[in-house]
Protein chains: 2
Amino acid sequence: MAVTLADVAVRAGVSAATVSRVLNGNYPVAGATRNRVLRAVEELEYVVNGPASALAAATSDLVGVLVNDIADPFFGIMAGAVQSEIGEPTAERGGPKLAVVCNTGGSPERELTFLTLLQRQRAAAVVLTGGALEDDAHRVALTGRLGRLESAGARVVLCGRPPLADTDFPAVTFDNREGARRITEHLLTLGHRRLGYLAGPQARTTTRHRLEGHRAALAAAGLAGDAARLTVRGDYGRSAGYAGAVELLAREPELTAIVAANDTVALGACAALRDRGVRIPEDVSVTGFDDLPFAVDATPALTTVRLPLHEAGVRAGKLALGREEPPADGVVTCGGELMVRDSTAPPRDA
Amino acid sequence: MAVTLADVAVRAGVSAATVSRVLNGNYPVAGATRNRVLRAVEELEYVVNGPASALAAATSDLVGVLVNDIADPFFGIMAGAVQSEIGEPTAERGGPKLAVVCNTGGSPERELTFLTLLQRQRAAAVVLTGGALEDDAHRVALTGRLGRLESAGARVVLCGRPPLADTDFPAVTFDNREGARRITEHLLTLGHRRLGYLAGPQARTTTRHRLEGHRAALAAAGLAGDAARLTVRGDYGRSAGYAGAVELLAREPELTAIVAANDTVALGACAALRDRGVRIPEDVSVTGFDDLPFAVDATPALTTVRLPLHEAGVRAGKLALGREEPPADGVVTCGGELMVRDSTAPPRDA
DNA sequence: TTGAAAGCGCTACCAG
DNA sequence: CTGGTAGCGCTTTCAA
């Protein structure tokens, strides 16, 4: 079998307890002893047995990160940020943590399943990223699972979704409502009057908040009447954006602007417009959320709302490790103000 | 503390051993007993203690997936595929495995560090994705680490990189060389004669193979002379593509085509061209590798070589779990033939 | 500052 | 088919 603590102890001529203390560095150990142990570790190529250590210490150095779609750079950026933050050795206790990125695919059942698996691993923390499902049954189930995780000693952090009712898990949030309101207001200021909206999947917090902001801006301009007709729902994928744009044009050929619930959807919409010979942004202006770098590189005419994904991930990582105390209300609003990257054109008949 | 196996055993009126058997399902247990145990598990909301189980069984249900850049959908797609494959309960042993996605950021040191962390967790398998670094010192270090992992009982699978010398780890590979050769040949057939090449980072297998294929096609057409002058190196990011395209245009203003080492680089190149008023594909045709869906949606004029990322991930997952036996030579070439998605224009003076 | 020893919760072997 | 039980390798009191 593999080299164990005991082997190292023998080689260094000390007890197992001492080796453990050296490795964890939480106890005073004489310099000479310490060096002897470290040398033995090197020579034997000793690697700690994580499970054994987790069992004895009743906690592991795994941090679960749940994402809705791992192939979406939106989540990739946040997950990468979380990992880079928790990967740094903590002062207080233990070495670097390992991020376990779990891809729920947006499925509520898988979300719960992963949480169970993470609890089974005795994860030190769990970060739930991206919009949450707004469904009572699921909310109750989720609250239960997270509660059990917490009482098993895991920290729970929400990132990119609002606080969970009846809990006090810290949440790192984006101001989706205001961002959507501002971008629509911006389009209205330019003179657009027939705006289509490509909403995200049903019953998601991000979908609802962004849609609310959009509607609020329309209402303020007295354009609420057409809102429902010019809203198409779909998931957060590009094909939904493609199909949605086609549908919007069918409903309103005189459309001059499209607001999409995220960049991926916006890109799909751009593809549809081009396939139909519509020029962007001269004929129709397209805007999205997220500000994924390649999206605007590929389509410079695409205007997006910048969400500070990386920053959110880092903050979530800090909260997950207890390196940062959450504010009294538990909500960290990330990025302060949303930025609108501006390359939008006025409508052709303005 | 949390509910333990013993608690369940008491509640169900059986021994701990029996509960363990029911939970692992590898042993015959009477139907009635079984039900009683399962009911007790439900009532007590029992969750297996992973570390304890891993310690006793000397193996965990974690599978490590190393990626070079988690924010790049190229890796997201593969990692997602691996996870969906290993997430299904195995017939032979144990429930669903949990994928640990580790973001190396392309750093060789971090690659080694993560492997140590995974060994510490007693990972059941490790999948290394994406191009490998071609550096002797690192290769030796990597071989050593992987060897130790293997002798600790972990399966090792390479995905998107060639087999590792002096080892027999199975490898799922793409035919990068032939793909690059074909796409360049394709451009030559259309009449292009001044082709720029945006190569990936130094000393990566993917970079070298793709460049070799490109050069082979040029050589076959008697155009090898200009190859070195019209090759610019950079990393696999979009800004490298942007800068690279600018550099290429400076070196050769009469350029009619650019081949990029991947889609992300190609998108950066497209952005640069547009910023300089160059039309795509009328003035310059841009091609890339990977065939990331949003890339071609955003830029329909972009032609790419399709790599079957999802399929590769699934195959890697199967190999990692031993659900599929590797062929005799250990190499699974994925996708058979590379496809060129065709929307390339002939050069303006053809 | 160090050692001895008692578990942590589970698996798997050996009886029955 | 089921129970008893000896560890798995580490952490952490409690003494020395």
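Chain A is the first sequence line, chain B the second, and so forth, proteins listed ahead of strands; every chain is numbered from 1.
- Atom CG of B:L5 and atom C1' of C:dC8 are 13 Å apart (whole Å).
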Show each protein N/O and nucleotides 1-5 of chain C N/O combination with a separation under 3.5 Å, one pair to a line.
| unit_1 | atom_1 | unit_2 | atom_2 | d |
| --- | --- | --- | --- | --- |
| C:dT2 | OP1 | A:T33 | OG1 | 2.2 |
| C:dT2 | OP2 | A:A30 | N | 2.8 |
| C:dG3 | OP2 | A:S15 | N | 2.9 |
| C:dG3 | OP2 | A:S15 | OG | 3.1 |
| C:dG3 | OP2 | A:T18 | OG1 | 2.6 |
| C:dG3 | N7 | A:R21 | NH2 | 2.7 |
| C:dG3 | O6 | A:R21 | NH1 | 3.4 |
| C:dG3 | O6 | A:R21 | NH2 | 3.4 |

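- Atom CG of A:L23 and atom P of D:dT11 are 7 Å apart (whole Å).
- Look at B:E85 and B:R323 and you find a salt bridge, because one of the NZ, NE, NH1 or NH2 atoms lies within 4.0 Å of a carboxylate O, short of that distance.
- Distance A:L55 CG to C:dG7 P: 14 Å, rounded to the nearest Å.
- Here B:N49 does not reach the OP1 or OP2 of C:dC8: none of its side-chain N or O atoms lies under 4.0 Å away.
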Hey, can you pull the donor-acceptor pairs under 3.5 Å for the side chains in residues 39-46 of chain A, sequence neighbours left out?
| unit_1 | atom_1 | unit_2 | atom_2 | d |
| --- | --- | --- | --- | --- |
| A:E43 | OE1 | A:R11 | NE | 2.8 |
| A:E43 | OE1 | A:R11 | NH2 | 2.8 |
| A:E45 | OE1 | B:R148 | NE | 3.4 |

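- Taken from CD1 in B:I77 to CD in B:E311, the straight-line distance is 13.5 Å, to the nearest 0.5 Å.
- Between A:E325 and A:R315 there is no salt bridge, since no side-chain nitrogen of the basic residue lies less than 4.0 Å from a carboxylate oxygen of the acidic one.
- Note on A:S20: every side-chain N or O is 4.0 Å or more away from OP1 and OP2 of D:dC10.
- Shown here are the side-chain hydrogen bond (donor to acceptor under 3.5 Å, both in side chains) partners of A:R120, two or more places apart in sequence or in another chain: there are none.
- Across the protein-nucleic acid pair, B:N35 atom CG and D:dC1 atom C1' stand 15 Å apart, rounded to whole Å.
- One can place CG of B:N24 at 17 Å from P of D:dC1, the figure rounded to the nearest angstrom.
- Nearest heavy-atom pair across B:L5 and B:A16 is CD1-O, 4.0 Å.
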